[in-house]
4 protein chains.
Amino acid sequence: MINRVVLVGRLTKDPELRYTPNGVPVATFTLAVNRPFSNQQGEREADFILCVVWRKQAENVANFLKKGSLAGVDGRIQTRSYDNQEGRRVYVTEVVAESVQFLEPRGASNRQNPPSAGYPDFDARPFGSDNQNQNQGPSRNEDSIFNSGQPIDISDDDLPF
Amino acid sequence: MINRVVLVGRLTKDPELRYTPNGVPVATFTLAVNRPFSNQQGEREADFILCVVWRKQAENVANFLKKGSLAGVDGRIQTRSYDNQEGRRVYVTEVVAESVQFLEPRGASNRQNPPSAGYPDFDARPFGSDNQNQNQGPSRNEDSIFNSGQPIDISDDDLPF
Amino acid sequence: MINRVVLVGRLTKDPELRYTPNGVPVATFTLAVNRPFSNQQGEREADFILCVVWRKQAENVANFLKKGSLAGVDGRIQTRSYDNQEGRRVYVTEVVAESVQFLEPRGASNRQNPPSAGYPDFDARPFGSDNQNQNQGPSRNEDSIFNSGQPIDISDDDLPF
Amino acid sequence: MINRVVLVGRLTKDPELRYTPNGVPVATFTLAVNRPFSNQQGEREADFILCVVWRKQAENVANFLKKGSLAGVDGRIQTRSYDNQEGRRVYVTEVVAESVQFLEPRGASNRQNPPSAGYPDFDARPFGSDNQNQNQGPSRNEDSIFNSGQPIDISDDDLPF
DNA sequence: TTTT
DNA sequence: TTTT
């Protein structure tokens, strides 16, 4: 069973950082990935792909990416469902990022902070690059609030979505 | 802008084959891809990923794959939306397959047709293998009913979904 | 920096299992992946791709795959070089598998052991599927004999290649 | 048979543009892709991956990428062999790019041409983006000089490698 | 033979 | 509900 996704695109908005009840950071963002062809009206469209990332990388994403940032994602497709406030079952398809790469020199996508010269020492390295974090993926706890249909006794405000 | 997906999983049901108003075949199916880890309850879950494939490959899928078949998909993630009968906007994330590979010897997933010896001459080759079809991808026409929000004057029965 | 490879093909020979000086299992095998198009002579060619896999999965590969087995690989491209017996520098490009999936029912590629009914309980699950093994990838030790140009004081027989 | 590669890395040198005897452009370049982990000496290493691209995209690569440019590649692994001047068989593993994406604002990797503001109108779009070029991949002619072991009556200078 |  |  192979499930592999690689994306490069731009954030449609600033990422959102939340924490699970046990304090695990989760960031979500949507990547706009332009299609390599035009539609019948001759317009270039994009796909808007919801991405989720956990732990240290979630905090990196929140700190270094923002609306318009160019980013790369290596991960897998996840599907889940939940019942919304009206009692309807909602189905979600999203990409769980195992690594996220920041593809711009610092400030490049920021009108307020004009570009400094070249890549900075710190955030230019891919987020997936620190040794401790290598290949760890979502642990059972982190993923649980998405995977299960089980009731979890927390207030809405604690939920990452 | 990179958008690449590779999946290997099993069809949850027989594929559905439809035709666009201009007669282009489209097949849809859902792949169940087991996750490589267990949840907190110790159960193995799966992701259920909607896939779409066009033209000759759509017909191959309809002819050679069925519920339970093991298949590989190489494609890209597509997002689109439409308004349902209640006037609600529905968002869809699916995989548009550029090639689909049949990963089982003939009859392997079929209790009714007992396995013959080994792979048959015909359908053992990957669907993406015939020269004419090579790399052609969805043409503008084929894709149009998904891409556009434009009204199309056909009855519901003609729609591939 | 993204480096992602997904392959599905057949082993050209039985895999080779070796152990590093510190006892870490490494398996190597070559996957033949048929091209989806024909050459000018109208023949279908294949790419022959060297794959390397570590630890528990190396042992699984050695136990369950053999010449002709259909397998899937999810990993990354690695390049390395070494000096051969004649003092020439040899460059190697190979795929380091993070997970390997066995894509055939037991016995399917084996003329000697006739197929039993369907997938067996044990080896039908993808190799990357056991929880302990999840996402562990090559540790620094395992990878060292490939990455370094450093002399290692072991006899040829201990080397994985 | 699935064979899919996605890479993001930097060119180690300016790309080389050649033409086949029938005038088809081919560009080659090497991508340095940094590994997401350190070796036993605590150093970050890189993989150096030979890439080949054909036709219009070859010319785009030659025009817009240079030593140090950050680029994305979506393609497949190809293996081939040839006999060198000493009569030795040489095996080559390379990535045939189906699309190449330029991942930097104009001038970003160039000390001589200081960065202009943001992405330019022209080369900021992915190379794989023009409609004519969509999904065309290597045609049988283009690929032939790599695939065949057949003698080709051209001088060495005409060969793309 | 390698890039930031 | 979308990015350059």
Side-chain angles (χ1 to χ4, degrees), chain A residues 7-16 28-35 43-51 65-73 101-106 108-111 117-126 129 161, chain B residues 1-3 79-81 88-91 93 149, chain C residues 1-3 79-81 88-91 93 149, chain D residues 7-16 28-35 43-51 65-73 101-106 108-111 117-126 129 161:
Chain A
L7 305 172
V8 173
R10 292 187 182 277
L11 296 237
T12 60
K13 299 194 310 190
D14 290 354
E16 296 189 21
T28 55
F29 56 93
T30 295
L31 272 191
V33 184
N34 297 320
R35 295 185 184 163
E43 307 148 346
R44 290 294 223 73
E45 292 175 289
D47 296 292
F48 298 97
I49 302 166
L50 177 60
C51 297
L65 295 180
K66 59 174 176 307
K67 181 175 175 172
S69 298
L70 188 67
V73 161
Q101 187 188 13
F102 185 15
L103 289 170
E104 288 178 302
R106 170 175 239 133
S109 67
N110 196 342
R111 288 286 135 73
Y119 281 82
D121 275 17
F122 185 61
D123 64 351
R125 298 200 215 109
S129 305
F161 296 107
Chain B
M1 300 307 203
I2 293 171
N3 182 341
T79 58
R80 58 188 171 90
S81 62
R88 281 167 177 278
R89 186 134 221 100
V90 179
Y91 294 90
T93 298
Chain C
M1 301 306 203
I2 294 171
N3 181 341
T79 58
R80 58 187 172 90
S81 63
R88 280 166 177 279
R89 185 133 222 102
V90 179
Y91 293 91
T93 297
Chain D
L7 305 172
V8 172
R10 291 186 183 278
L11 296 238
T12 59
K13 300 195 309 191
D14 290 355
E16 296 189 20
T28 56
F29 56 93
T30 296
L31 272 191
V33 184
N34 298 320
R35 295 185 183 162
E43 307 148 345
R44 290 295 224 74
E45 292 175 289
D47 297 291
F48 298 96
I49 302 167
L50 178 59
C51 298
L65 296 181
K66 58 174 181 303
K67 181 175 176 173
S69 298
L70 189 66
V73 161
Q101 187 186 12
F102 185 15
L103 290 171
E104 287 178 304
R106 170 174 240 133
S109 68
N110 196 342
R111 278 334 151 29
Y119 281 80
D121 275 17
F122 184 59
D123 63 353
R125 297 200 215 109
S129 305
F161 296 106

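Heavy atoms only: backbone and side chains are in, while hydrogens, waters and symmetry mates are out. The chains referred to below are lettered A, B, ... by the order of the sequence lines, with proteins before strands, and numbering in each begins at 1.
Rounded to whole Å, atom P of F:dT3 lies 19 Å from atom CG of A:L103. Distance CG (D:D14) to P (E:dT3): 12 Å, rounded to an integer number of Å. When the P atom of F:dT3 is taken as reference, atom CZ of A:R10 falls 12 Å away, rounded to whole Å. Atoms CZ (A:R35) and C1' (F:dT3) sit 14 Å apart, rounded to a whole Å. One interatomic measurement links the two molecules: CG of A:N34 to C1' of F:dT4, which rounds to 7 Å at whole-angstrom precision. The nearest whole Å value for the distance from the CG atom in A:L7 to the P atom in F:dT2 is 19 Å. Look at CZ on A:F29: it is 16 Å from P on F:dT3, rounded to the nearest Å. Distance, D:E16 CD to E:dT2 P: 15 Å, rounded to whole Å.
Legend: residues meeting side-chain contact (heavy atoms from CB on, under 4.5 Å) with A:T12, ordered by chain and number and at least two apart, are A:T30, A:A32, A:F48.
Judged by distance alone, the side chain of D:R44 and the main-chain N or O of D:R35 form a donor-acceptor pair under 3.5 Å. Side chain of D:N34 to main chain of D:A46: no donor-acceptor pair is present (N/O by atom type, distance under 3.5 Å, no hydrogens or angles).
Salt bridge present: D:R10 and D:E104 bring a charged side-chain N and a carboxylate O closer than 4.0 Å.
Looking at the side chain of A:K67, the nearest of the listed nucleotides F:dT3, F:dT2, E:dT2 is F:dT3. Side-chain atoms of D:F48 lie closest to E:dT2 of the nucleotides F:dT2, E:dT2, F:dT1. For A:T12, counting side-chain heavy atoms from C-beta on, the closest listed nucleotide (E:dT1, E:dT2, F:dT2) is F:dT2.
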